[in-house]
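Let me begin by presenting the structure, written as structure tokens, before commenting on it.
Since the structure is predicted, the reported quantities are computational estimates derived from the model, not experimental observations.
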Amino acid sequence: MTRLAPFYENVQSHYDLSDDFYRLFLDPSMTYSCAYFQRENMSLEQAQSAKIDLSLGKLDLTPGQTLLDVGCGWGATMFRAATRYGVHVIGLTLSHNQYDHVRHEIERRGLTGVEVRLQGWEEFDERVDRIVSIGAFEHFRRERYEEFFARCYGNLPPDGRMLLHTIIGHTLADLRRLGVPVTRDDARFHIFIRREIFPGGQLPQPALITRLAGQSGFGTEQIQSLRPDYARTLDLWTRALQDNRATAERITSPETYSRYLRYLTGSADHFRTGHLDVMQFTLAK
């Protein structure tokens with residue numbers, strides 16, 4: 001396969017901002033993706049744990065298997081998989097801060113069979129039993145989707161499974177069909193996110209994922225939307241950031257605080273209106 005260089009610089013520009021800053025609005029597990037409010041009275045921490053269990057529960061994990069976590073973040077999914085399911089876990093991240101955090105947590109918790117690597121999926125070529133990827137696909141870019149699915153398919157055994165959790169974008173035609181109006185403010189917000197929050201990021205469409213995964217040999221067993229859950233997650237992140245404004249501005253800057261507030265509140269609005277969605281794709285070999 002083609003040798004591709006991971007997008008280290010783009011990813012690090014966001015995730016290596018400051019762990020202390022992210023701690024101000026994320027839950028204690030530092031899970032930076034959509035939570036799953038299985039019950040109405042769940043706390044954010046409980047809902048993040050429920051999302052991780054929802055994701056891992058779709059993989060048919062058994063003790064002794066090896067799970068690859070592509071874009072492992074600060075490690076919450078890795079730790080849950082190792083302790084609850086008894087699997088070996090390899091986590092990949094492009095963030096120095098996340099890599100250091102996960103290494104420290106592995107040592108602090110005394111976990112065995114858990115490894116984190118400062119490495120992209122483009123550089124990984126080992127056999128694993130299952131793959132999970134939560135909130136990383138948005139950074140891969142359209143021109144690499146085919147190779148990503150082909151590589152994952154090739155790394156899995158005949159009964160292999162993958163859970164892909166990603167934010168979804170819609171084409172203008174799809175938004176019109178869904179009855180979702182698009183304004184200049186929506187276009188400006190999209191440009192703001194691409195330039196100032198997630199440089200190089202790109203949102204896939206659901207049909208593109210299922211088609212390209214299918215071309216690699218995967219069958220799509222299930223697609224689950226968590227759109228209302230993400231709006232609620234972002235609302236809770238926003239409230240926590242606002243409550244910690246002074247500390248956030250001290251750790252980073254007033255400009256960074258304002259930029260993140262616009263990102264969180266604007267994203268919540270776009271999930272509520274249907275401009276954005278977040279979906280879990282259960283893919284089976």
> side-chain hydrogen bond (donor to acceptor under 3.5 Å, both in side chains) with W74: which of T93, N97, D19?
Replying inline: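 When side-chain hydrogen bond (donor to acceptor under 3.5 Å, both in side chains) is applied between W74 and each of T93, N97, D19, only D19 qualifies.
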Short side-chain to backbone donor-acceptor contact, [X] and [Y], under 3.5 Å:
{"X": "R127", "Y": "G154", "answer": "yes"}
{"X": "Q202", "Y": "R142", "answer": "yes"}
{"X": "H275", "Y": "P181", "answer": "yes"}
{"X": "D229", "Y": "F37", "answer": "yes"}
{"X": "H270", "Y": "G266", "answer": "yes"}
{"X": "K285", "Y": "Y153", "answer": "yes"}

Would you tell me whether [X] and [Y] have side-chain atoms, one donor and one acceptor, within less than 3.5 Å of each other?
{"X": "Q48", "Y": "T31", "value": "no"}
{"X": "S13", "Y": "N10", "value": "no"}
{"X": "K51", "Y": "S33", "value": "yes"}
{"X": "Q205", "Y": "T171", "value": "no"}
{"X": "S18", "Y": "D20", "value": "no"}

[X] and [Y]: same hydrophobic cluster, using ILVMFWY side-chain contacts below 4.5 Å?
{"X": "F148", "Y": "L59", "value": "no"}
{"X": "L208", "Y": "M279", "value": "yes"}
{"X": "Y32", "Y": "L92", "value": "no"}
{"X": "L203", "Y": "L175", "value": "no"}
{"X": "F192", "Y": "L17", "value": "yes"}

Minimum heavy-atom separation for [X] and [Y], please, with both atom names.
{"X": "Q98", "Y": "D16", "value": "N-OD1, 4.4 Å"}
{"X": "S216", "Y": "A150", "value": "OG-N, 3.3 Å"}
{"X": "A81", "Y": "V87", "value": "O-CG2, 3.4 Å"}
{"X": "Y99", "Y": "V116", "value": "CE1-O, 3.4 Å"}
{"X": "S225", "Y": "R227", "value": "OG-N, 3.4 Å"}
{"X": "C152", "Y": "M162", "value": "SG-SD, 3.7 Å"}

> Can you list the steps and then say if R177 with D174 is a salt bridge (Lys or Arg N to Asp or Glu O under 4.0 Å)?
Replying inline: CA-CA 5 Å; R177 180 178 54 80; D174 284 340; 3.5 Å; yes
>> Both conditions, 6.0 Å and 45 degrees, for the charged tip of R130 above the ring of Y85: are they met here?
In response: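 So R130 doesn't make the cation-pi contact.
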>> Looking at F124, I'd like to know if the NZ or CZ of R117 sits under 6.0 Å from its six-membered ring centre while staying within 45 degrees of the ring's axis.
In response: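 The answer is no, since R117 fails at least one limit relative to F124.
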Tell me whether [X] is salt-bridged to [Y], with the criterion being a basic N under 4.0 Å from an acidic carboxylate O.
{"X": "D235", "Y": "R232", "answer": "no"}
{"X": "E221", "Y": "R161", "answer": "yes"}
{"X": "E255", "Y": "R259", "answer": "no"}

> Looking at residues at least two apart in the chain, or sitting in another chain, which of them share a ring pair (Phe, Tyr, Trp, His ring centres under 6.0 Å) with F149?
Replying inline: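 Testing F149 for ring pair (Phe, Tyr, Trp, His ring centres under 6.0 Å), a comparison that skips the adjacent residues, returns F137.
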>> Apply ring-ring contact (aromatic ring centres under 6.0 Å, His included) to residues F140 and Y145 and explain how you reach the verdict.
In response: CA-CA 7 Å; F140 294 173; Y145 292 170; 7.6 Å; no
> What pairs with N244 under side-chain hydrogen bond (donor to acceptor under 3.5 Å, both in side chains), at least two apart in sequence or on another chain?
Replying inline: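 Partners of N244 under the side-chain hydrogen bond (donor to acceptor under 3.5 Å, both in side chains) test: none.
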>> Using side-chain heavy atoms (C-beta onward) and a distance below 4.5 Å, is L241 in contact with Y257?
In response: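 Side chain of L241 against side chain of Y257, heavy atoms only: contact under 4.5 Å found.
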> Side-chain contact, heavy-atom cut-off 4.5 Å: P157 with D129?
Replying inline: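 Yes, their side chains come closer than 4.5 Å.
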> Taking it one step at a time, do L54 and Q280 satisfy side-chain contact (heavy atoms from CB on, under 4.5 Å)?
Replying inline: CA-CA 10 Å; L54 176 72; Q280 291 197 341; 3.6 Å; yes
> Under the side-chain contact (heavy atoms from CB on, under 4.5 Å) criterion, do I131 and W121 qualify, and how do the steps go?
Replying inline: CA-CA 11 Å; I131 298 174; W121 62 264; over 6 Å; no
> Passes ring-ring contact (aromatic ring centres under 6.0 Å, His included), Y36 versus H165? Steps please.
Replying inline: CA-CA 12 Å; Y36 175 50; H165 172 122; over 10 Å; no
> Would you call the rings of F271 and Y230 parallel, tilted or perpendicular, where under 30° means parallel and over 60° means perpendicular?
Replying inline: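 Tilted: the ring planes of F271 and Y230 meet at 30° to 60°.
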> Parallel, tilted or perpendicular: which describes the rings of Y263 and Y260, with under 30° parallel and over 60° perpendicular?
Replying inline: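 Ring orientation, 0 to 90° scale: perpendicular.
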>> Are F25 and Y22 an aromatic pair, judged by ring center distance below 6.0 Å?
In response: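 Ring-ring flag for Y22/F25: true, centres closer than 6.0 Å.
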> Given the side-chain rings of F218 and F281, with only the six-membered ring counted for Trp, is the space between their centroids under 6.0 Å?
Replying inline: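 Aromatic pair excluded; centres sit 6.0 Å or further apart.
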> Should E107 and R103 be marked as a salt bridge (Lys or Arg N to Asp or Glu O under 4.0 Å) after you check the CA-CA gap, both sets of side-chain angles, and the distance that decides it?
Replying inline: CA-CA 6 Å; E107 184 175 333; R103 282 189 66 191; over 6 Å; no
> salt bridge (Lys or Arg N to Asp or Glu O under 4.0 Å) between R108 and E105: does it pass, once the steps are laid out?
Replying inline: CA-CA 5 Å; R108 187 183 70 83; E105 282 297 300; 2.9 Å; yes
>> Run R151 and E123 through salt bridge (Lys or Arg N to Asp or Glu O under 4.0 Å) and show every step you take.
In response: CA-CA 10 Å; R151 193 176 290 258; E123 302 165 313; over 6 Å; no
> Does the ring-ring contact (aromatic ring centres under 6.0 Å, His included) test come out yes or no for H139 and F7, once each step is laid out?
Replying inline: CA-CA 8 Å; H139 297 286; F7 299 117; 9.1 Å; no
